[in-house]
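Below is one structure, written out as structure tokens; comments come after it.
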Amino acid sequence: MACLNSKDLFYLQTYDSKNTSKILMGSNPAENAKLKLNLDYVYIQFSGPNSFECYPLDTVLDHHTILKLQFKKIYLVLDNSLEYFYESVDAIYKHIVNKYNIPASQIVFLSGVPTMLRYTLNYCKKNNAEQIKIMWYSLFETTGKDTIRQRKTLPTLEKKRKYTKKFLNLNRRWRLHRPLLVTMLYDRGLLDEGYVSLAPSDDRRDWKQVWNWLSKKHYGHKEITKILKRSEGVQQLPPMYLDEKDLVTNRAEHQTSIESYYQETFFSVVSETTFYENVPFLSEKIFKTIAMGHPFILVGSPNTLQYLKKLGYRTFAPYINEHYDSIEDHGDRAIAIVDEIERICKLNKTEWREWMSKVRPIAEHNYKILYRRQQLIKPMN
């Protein structure tokens, strides 16, 4: 059915409640992703749980449209697929369903979190509420498709005499698991084995700030505490840049300047958006890696790999030990990840050749799945 506000699409950007903006969008991402509904709808993209506090619904939609929603004539499509916030469900009920008396059945929530329905069901049970419609929107697969562009074959895993490094690990914002990973690579003497980035970004964090935070986060974890104590020297490392010294600008879209780093390494260590949050989330980081034909170790929330599989992708077990993905304890999971990075880095030349011959068909499969992907939105209830 048709989008009724196709000429008046808004993205409510409210990450900073003191500096919000209502951005007019040029196109409807959900329409491009082949959203299928049995009624006409209006579409709003929003950044987080506070968006409809900053911009109440009647400042975005006119009174006539809200009436249509109240009388079940149309749907309201709310797109939060750029983020991983469970709390957006609470906000939808509080600031839209309850405040404007809009039936929950008329709300379609597009989420990038594959477990959002589970959270919603728990909310409804606790609050005796009717379910809103939940759809898993794998938006960031479009980034991977853009990365592929006109390529017909994998740009990586070539048979050649020498690779300059073993792995690639890209980091921009200093989400806590990223400096933890770099610290653990430093502790194992693995930083020289990979191309690793970590330098000042738009979140304005640095080693001094995150070090105390890391210590508190893993208080009581004996092994992580030992690693931090013996690795304090990591704080003296200069900023680590690769293709770009500007790590403030968001690089969600593919940059050709990074391609050589994929071509000169065997695998990626993908530092996903979430780790400590226990929210599985698949961003552009993993799909760009798939598009570049790289095997990967995923540094993310526990049990994230299963949701890649639900999209039709394959992971790399047994050639990569993926036991780490099922470990709930964050410190233990980080240790298991670095154990596997170290194991792979220590393969000899013969083992590398055999390893590449085993992982390449999986990388090719994933590349083809991404290349052919059309439907990005999956109804969950």
Side-chain angles (χ1 to χ4, degrees), residues 11 13 15 23 25-35 45-47 79-84 110-114 135-156 168-173 175 178 197 201-202 242-244 246-263 267-274 279-296 298-301 304-305 307-315 363-378:
Y11 170 50
Q13 200 274 76
Y15 293 109
I23 302 169
M25 303 171 65
S27 63
N28 182 347
E31 192 170 57
N32 297 337
K34 303 186 184 301
L35 173 67
Q45 189 176 72
F46 68 104
S47 64
D79 184 352
N80 193 215
S81 56
L82 291 169
E83 296 297 345
Y84 59 89
L110 304 182
S111 172
V113 178
M135 296 191 179
W136 179 16
Y137 181 11
S138 184
L139 167 67
F140 290 105
E141 284 184 280
T142 59
T143 306
K145 288 176 67 68
D146 290 342
T147 301
I148 289 175
R149 294 175 183 168
Q150 301 303 314
R151 292 194 189 95
K152 301 297 181 184
T153 58
L154 291 184
T156 52
L168 173 64
N169 174 231
L170 299 171
N171 301 289
R172 188 173 71 88
R173 285 182 175 161
R175 298 182 188 276
R178 293 170 184 165
S197 65
S201 182
D202 61 338
L242 293 177
D243 61 320
E244 292 281 351
D246 172 15
L247 295 184
V248 173
T249 304
N250 191 316
R251 304 287 175 183
E253 296 182 358
H254 180 67
Q255 307 291 314
T256 56
S257 58
I258 200 67
E259 290 185 4
S260 63
Y261 294 97
Y262 286 97
Q263 293 164 346
F267 68 102
S268 282
V269 179
V270 180
S271 299
E272 255 302 353
T273 303
T274 61
V279 182
F281 190 71
L282 301 169
S283 75
E284 80 284 350
K285 302 167 190 65
I286 187 61
F287 293 115
K288 287 199 295 186
T289 301
I290 289 172
M292 292 304 296
H294 242 198
F296 52 82
L298 188 69
V299 186
S301 292
T304 297
L305 289 179
Y307 298 104
L308 264 179
K309 295 174 185 177
K310 286 188 177 183
L311 292 173
Y313 299 99
R314 292 174 60 192
T315 59
E364 289 175 342
H365 166 85
N366 291 342
Y367 184 91
K368 290 175 183 177
I369 290 291
L370 181 57
Y371 181 78
R372 297 169 181 169
R373 177 75 75 214
Q374 297 296 325
Q375 189 70 37
L376 302 179
I377 297 177
K378 181 180 179 181

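When a residue number appears, it is its place in the shown sequence, counting from 1.
Of all the heavy atoms in Tyr137 and Ala30, the pair that sits closest is OH-N, 4.0 Å. Here the closest heavy-atom approach between residue Leu370 and residue Lys145 is recorded as O-CG, 3.3 Å. What you find for Ala363 and Gly293 is that their closest heavy atoms are CB-O, 3.6 Å. The two atoms that bring Pro280 and Ser301 nearest to each other are N-CB, 4.2 Å, heavy atoms only.
Distance check, rounded to the nearest 0.5 Å: OH of Tyr84 to CG of Leu282 gives 14.5 Å. Distance check: Tyr262 OH to Thr289 OG1 gives 4.0 Å after rounding to the nearest 0.5 Å. Note: Ile369 CD1 to Glu364 CD = 13.0 Å, rounded to the nearest 0.5 Å. Taking OG1 of Thr147 as the reference point, atom CD of Glu259 lies at 8.5 Å (rounded to 0.5 Å). For the atom pair Tyr371 OH and Lys368 NZ, the distance stands at 12.0 Å (nearest 0.5 Å). Here the straight-line distance linking atom CG of Asn32 with atom OG1 of Thr142 works out to 9.0 Å at 0.5 Å rounding.
Residues Leu311 and Phe287 meet the side-chain proximity criterion, which asks for heavy atoms closer than 4.5 Å. Side chains of Val113 and Phe281 form a contact here, defined as non-hydrogen atoms less than 4.5 Å apart. Contact annotation: the side chain of Lys288 approaches that of Thr143 to within less than 4.5 Å [non-hydrogen atoms, C-beta and beyond]. Looking only at side-chain heavy atoms (C-beta outward), Leu35 and Asn28 stay at 4.5 Å or farther from each other. You'll find the side chain of Pro114 stays beyond 4.5 Å of the side chain of Lys310, heavy atoms only. Between Thr304 and Ile286 there is no side-chain heavy-atom pair separated by less than 4.5 Å. Between Tyr261 and Leu170 the shortest side-chain heavy-atom distance does not fall below 4.5 Å. Looking at heavy atoms from C-beta onward, Asn80 lies out of side-chain contact with Ser111 at the 4.5 angstrom threshold.
Of the N and O atoms on the side chains of Asn171 and Ser197, not one donor lies less than 3.5 Å from an acceptor on the other residue. Residues Asn169 and Ser268 bring no donor and acceptor atom of their side chains to less than 3.5 Å of each other.
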* Criterion side chain to side chain contact (heavy atoms under 4.5 Å, CB included) on Leu298 and Val269, from CA distance to verdict -> CA-CA 6 Å; Leu298 188 69; Val269 179; over 6 Å; no
* side chain to side chain contact (heavy atoms under 4.5 Å, CB included) between Phe46 and Asp79, worked out -> CA-CA 6 Å; Phe46 68 104; Asp79 184 352; 5.7 Å; no
* To do: Start with the C-alpha distance between Lys378 and Met135, add both sets of side-chain angles, then the distance that settles side chain to side chain contact (heavy atoms under 4.5 Å, CB included), and finish with yes or no.
  => CA-CA 5 Å; Lys378 181 180 179 181; Met135 296 191 179; over 6 Å; no
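Between the side chain of Glu31 and the main chain of Ala33, no donor-acceptor pair closer than 3.5 Å is present. Side chain of Ser81 to main chain of Gly112: no donor-acceptor pair is present (N/O by atom type, distance under 3.5 Å, no hydrogens or angles). Although no hydrogens or angles enter the test, the distance criterion places a donor-acceptor pair under 3.5 Å between the side chain of Arg178 and the main chain of Glu272. The backbone N or O of Ile290 lies less than 3.5 Å from no partner atom in the side chain of Asn366, so there is not a single donor-acceptor pair. Side-chain atoms of Arg314 do not come within 3.5 Å of backbone N or O of His365 as any donor-acceptor pair. Checking side-chain atoms of Arg173 against main-chain N and O of Asp202 turns up no donor-acceptor pair under 3.5 Å.
The only option from Thr273, Leu82, Leu376 that meets the side chain to side chain contact (heavy atoms under 4.5 Å, CB included) definition with Phe140 turns out to be Leu82.
Aromatic ring centroids of Phe267 and His294 lie 6.0 Å or more apart.
Partners of Tyr307 according to the ring-ring contact (aromatic ring centres under 6.0 Å, His included) rule, which considers only residues two or more places apart in sequence or in another chain, do not exist here. Taking Arg373 as the reference, Glu141 meet the salt bridge (Lys or Arg N to Asp or Glu O under 4.0 Å) condition, with sequence neighbours excluded.
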